[in-house]
Amino acid sequence: MSDSVAVGEAVAVEVDGPVGVITLGAERRRNPLSTSTMRAITAGLRGFDDDARVRVIVIRALGPAFSAGHDLGELVDRTLDDERAVFATCTELMRTVHEVRQPVIAEVAGMAFAAGCQLVATCDLAVAGRSARFSTPGVRIGLFCSTPMVALSRAVGRKRAMHMLLTGEVVDAETALEWGLLSGVADDADLAGTVRELALRIAGSSARTVSIGKQAFYRQIELDEAAAYDEMGETMATNAMTCDAQEGISAFLEKREPVWTDS
């Protein structure tokens with residue numbers, strides 16, 4: 001069963017089985033991340049977080065671009081507080097991607113530049129078509145991609161991130177995969193099907209377990225090794241006490257398929 005609703009001028013939200021889909025639809029403008037669009041994506045993510053049907057979220061876009069980045073028209077002849085508000089809205093979106101309980105997959109067709117590249121780097125997983133391209137070209141217009149840098153540097157490492165940020169050069173999908181910006185690449189014609197298959201594979205696991213694992217990942221990733229082991233040891237112990245962990249372990253030992261209750 002599929003439910004679809006528009007939550008903003010350029011954003012549509014759909015529940016398709018266990019997958020929540022957010023689609024950017026301002027294809028003629030290459031899907032800029034305007035303030036209204038970012039708020040709509042954030043609202044869509046939060047709506048899915050509260051929807052028990054949704055086990056995985058996909059963010060995709062129509063047209064030749066996943067997103068060309070911020071709507072630059074919003075950054076001209078504004079006050080400092082106006083500028084701060086734009087980037088605060090962007091930061092809220094990126095944080096929400098990590099805060100929602102479901103894994104968020106970026107389905108990237110075409111270009112993902114500047115804040116569009118930031119969104120790809122922020123998503124838990126990202127699969128792109130072979131013709132996709134990535135860049136953080138802000139340096140070329142006098143506006144360094146400082147907020148995209150946060151996600152990009154954590155995805156691809158310091159030297160590669162600095163190369164992209166300082167040159168604004170375009171990186172192809174295979175290079176983005178090698179560098180760690182992407183988790184997968186598919187032929188353009190197969191992209192949607194590949195992402196759907198990945199989403200359904202994830203959706204087949206316990207939603208409670210997946211949520212525990214996602215939140216644990218982001219808690220431990222910035223800790224030193226000793227602190228991470230302490231934190232994750234406690235996480236695994238409490239995870240082991242959940243109904244789904246007990247069911248999954250029992251099913252494995254009994255050589256049967258588990259029956260998840262998401263508890």
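Just so it is clear, the values below take in all heavy atoms, side chains as well, and ignore hydrogens, waters and symmetry mates. Being a predicted model, the structure only gives us computed values, none of them experimental. For reference, positions follow the sequence shown, starting with 1.
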Practice prompt. Could you tell me which non-hydrogen atom of Val210 sits nearest to which non-hydrogen atom of Ser205, and how far apart they are?
Written response: CG2-CB, 3.9 Å
Fill in: Considering all heavy atoms, the nearest Glu247-Pro258 contact
OE2-CA, 3.4 Å
Worksheet entry | Residues Arg133, Asp172; criterion salt bridge (charged side-chain N to carboxylate O under 4.0 Å, His left out); working and verdict | CA-CA 5 Å; Arg133 296 294 181 266; Asp172 64 28; 5.4 Å; no
Discussion item. Please say yes or no: joined through hydrophobic side-chain contacts below 4.5 Å, possibly via intermediate residues, are Leu166 and Ile141 part of one cluster?
Written reply: yes
Worksheet item: Pairs in or reaching into residues 230-239: which pass salt bridge (charged side-chain N to carboxylate O under 4.0 Å, His left out), with residues at least two apart or in two chains?
Response: Arg219-Glu231
Discussion item. Between Asn31 and Ser67, do the side chains contain a donor N or O and an acceptor N or O under 3.5 Å apart?
Written reply: no
Practice prompt. Of all the heavy-atom pairs spanning Glu74 and Val86, show the shortest one and how long it is.
Written response: OE1-CG2, 4.2 Å
Item to complete: Hey, could you give me the CG/CZ distance between Asp50 and Arg53, rounded to the nearest 0.5 Å?
Response: 12.0 Å
Worksheet item: Is Ile59 reachable from Leu191 through a run of hydrophobic residues whose side-chain heavy atoms are each under 4.5 Å from the next?
Response: no
Worksheet item: Got Val21 and Val19 here, is their nearest side-chain heavy-atom distance under 4.5 Å?
Response: yes
Item to complete: Would you check if Phe48 and Val100 make a side-chain contact, meaning some heavy-atom pair closer than 4.5 Å?
Response: no
Discussion item. Which residues pass the side-chain contact (heavy atoms from CB on, under 4.5 Å) test with Pro64, not counting sequence neighbours?
Written reply: none
Practice prompt. State, with a plain yes or no, whether a side-chain heavy atom of Leu45 is found less than 4.5 Å away from one of Leu93.
Written response: yes
Worksheet item: Nearest heavy-atom pair of Cys117 and Phe134: which atoms, and what distance?
Response: SG-CB, 4.3 Å
Discussion item. Please find the pair of heavy atoms, one from Thr23 and one from Arg60, that lie closest to each other, and give the distance.
Written reply: OG1-NH1, 3.0 Å
Worksheet item: Hey, what's the ring geometry for Trp179 with His163, parallel, tilted or perpendicular (30° and 60° as the breaks)?
Response: perpendicular
Worksheet item: Which residue pairs pass the salt bridge (charged side-chain N to carboxylate O under 4.0 Å, His left out) test when at least one of the two sits in residues 143-162, sequence neighbours left out?
Response: Arg154-Glu222
Discussion item. I need the minimum non-hydrogen distance between Ala151 and Gln118, along with the two atoms involved.
Written reply: CB-O, 3.8 Å
Fill in: Minimum side-chain heavy-atom gap His70-Met38 below 4.5 Å
yes
